[in-house]
There are 2 protein chains.
Amino acid sequence: MDAALQTGLEALGDSTRMAIFQKLSAGPLAVNELAGMLPVSRPAVSQHLKVLKDAGLVTDRKSGTRRYYALDPEGVARLRAHFDALWDRSLHAFQVAAEKR
Amino acid sequence: MDAALQTGLEALGDSTRMAIFQKLSAGPLAVNELAGMLPVSRPAVSQHLKVLKDAGLVTDRKSGTRRYYALDPEGVARLRAHFDALWDRSLHAFQVAAEKR
DNA sequence: ATCAATGGTAAGCCTCCACTAACGGTAAGC
DNA sequence: GCTTACCGTTAGTGGAGGCTTACCATTGAT
């Protein structure tokens with residue numbers, strides 16, 4: 001199958017990680033700020049961010065004692081391409097089946 | 001948040017369900033046929049199909065003793081729309097952040 | 001009516017993983 | 001120096017869910 005697609009899916013499959021992703025889609029945020037918006041502790045957020053970073057969906061930038069996380073547009077675009085291909089294949093197959101009638 | 005997006009994500013987040021989705025993208029299949037292609041038992045496939053059906057990604061059609069499952073183009077299109085909106089928001093936010101520099 | 005084929009469901013097990021608590025580490029301010 | 005703020009990591013735990021086994025229902029064939 002497609003490893004990148006599967007990795008991205010598993011990364012966003014968890015609801016908390018998806019929430020983090022949504023928050024970051026509004027702009028960069030520090031770990032504490034993220035933890036303040038979510039019903040989980042700060043270490044949990046840290047761990048989720050690690051997963052998102054390993055999946056190439058997020059980048060981090062250190063600023064003083066704080067560390068800001070932001071979406072990685074390259075990783076997002078790559079994942080989007082995989083999804084688009086998946087949708088196309090799926091809907092194309094349905095189109096063929098419909099015409100065969 | 002967006003419940004439909006979250007439901008669809010959790011549905012496809014599992015690797016086995018994703019595999020089922022991929023198989024069905026080639027055309028309708030019966031439960032036994034799906035189980036034969038996958039390293040899990042038939043009941044497991046049935047349970048996964050139930051989840052996919054509840055998420056609106058799959059439809060079932062009874063034919064004799066067999067039950068054929070197929071992708072639901074409407075549900076797929078709906079999920080795709082949510083994803084597209086998510087990508088757009090994400091990349092737009094990055095664009096804004098880049099111009100602000 | 002009996003049997004085979006197909007599949008949905010229940011119960012139980014077991015693994016995985018999300019989460020917290022505790023610790024250590026680094027940077028800024030006093 | 002000391003303290004405060006912020007963060008990553010580890011160890012341990014609890015719960016969620018994926019899987020199998022067993023059972024039952026339905027359909028079609030003999």
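What you are looking at is a predicted structure, and each value in this text was computed from that prediction instead of being measured. Order of the sequence lines fixes the chain letters, A, B, ..., with proteins taken first and strands second; residue numbering starts at 1 for each chain.
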Find the distance B/Arg61:CZ to D/dT26:C1' and express it as a whole number of Å. 17 Å
Determine the minimum heavy-atom distance between A/Ser25 and A/Leu71, stating which atoms define it. CA-CD1, 3.7 Å
What is the distance from OH of A/Tyr68 to P of D/dC7, rounded to the nearest Å? 8 Å
Determine, stepwise, if the pair B/Gln22 / B/Leu12 fulfils side chain to side chain contact (heavy atoms under 4.5 Å, CB included). CA-CA 10 Å; B/Gln22 302 254 19; B/Leu12 293 183; over 6 Å; no
Between B/Leu38 and B/Ala19, the two heavy atoms sitting closest are CD2-CB, 3.9 Å
Could you check whether the side chain of A/Arg42 and the base of D/dG8 have a donor-acceptor pair of N or O atoms closer than 3.5 Å, going by distance alone? yes
5'-most to 3'-most nt of DNA chain C touching chain B (<4.0 Å, heavy-atom partner on protein side) reads C/dT6 to C/dA10
Does the pair B/Val58 and B/Ile20 meet the rule for a side chain to side chain contact (heavy atoms under 4.5 Å, CB included), with working shown? CA-CA 10 Å; B/Val58 146; B/Ile20 292 178; over 6 Å; no
Taking for A/Pro39 and for A/Ser63 the nucleotide of DNA chain C with the nearest heavy atom, the one nearer the 5' end belongs to A/Pro39
I need the CG-P distance between B/Leu38 and D/dG18, as an integer number of Å. 14 Å
Give a yes/no on whether any side-chain N or O of A/Tyr69 is located under 4.0 angstrom from OP1 or OP2 of D/dC6. no
Does a side-chain N or O of B/His48 approach OP1 or OP2 of D/dG17 to a distance below 4.0 Å, or not? no
Atom NZ of A/Lys62 and atom P of D/dA5: how far apart are they, to the nearest Å? 19 Å
A side-chain contact here means heavy atoms from C-beta on lying under 4.5 Å apart; do A/Thr7 and A/Leu79 qualify? no
Nearest heavy atom decides the nucleotide; on that basis, is A/Pro43 or A/Glu10 closer to the 5' end of DNA chain C? A/Glu10
Of the listed nucleotides D/dT10, D/dG18, D/dT20, the one nearest the side chain of A/Gln47: D/dT10
Between B/Asp60 and B/Lys50, is the closest basic N to carboxylate O distance under 4.0 Å? no
Find the partner of D/dA5: check Watson-Crick (N1-N3 plus N6-O4 or O6-N4) and G-U wobble (N1-O2, O6-N3) distances, both under 3.5 Å, and reply none if neither fits. C/dT26
I need the CG-C1' distance between A/Asn32 and D/dA5, as an integer number of Å. 8 Å
Does A/Leu34 form a side chain to side chain contact (heavy atoms under 4.5 Å, CB included) with A/Arg42? I'd like the steps, not just the answer. CA-CA 8 Å; A/Leu34 276 170; A/Arg42 182 193 53 77; over 6 Å; no
B/Arg67 CZ - D/dG28 P separation (whole Å): 13 Å
Could you state the CD1-P distance from B/Ile20 to D/dG18, rounded to the nearest angstrom? 11 Å
Determine: side-chain N/O of A/Arg66 to OP1/OP2 of D/dC6, distance under 4.0 Å, yes or no. yes
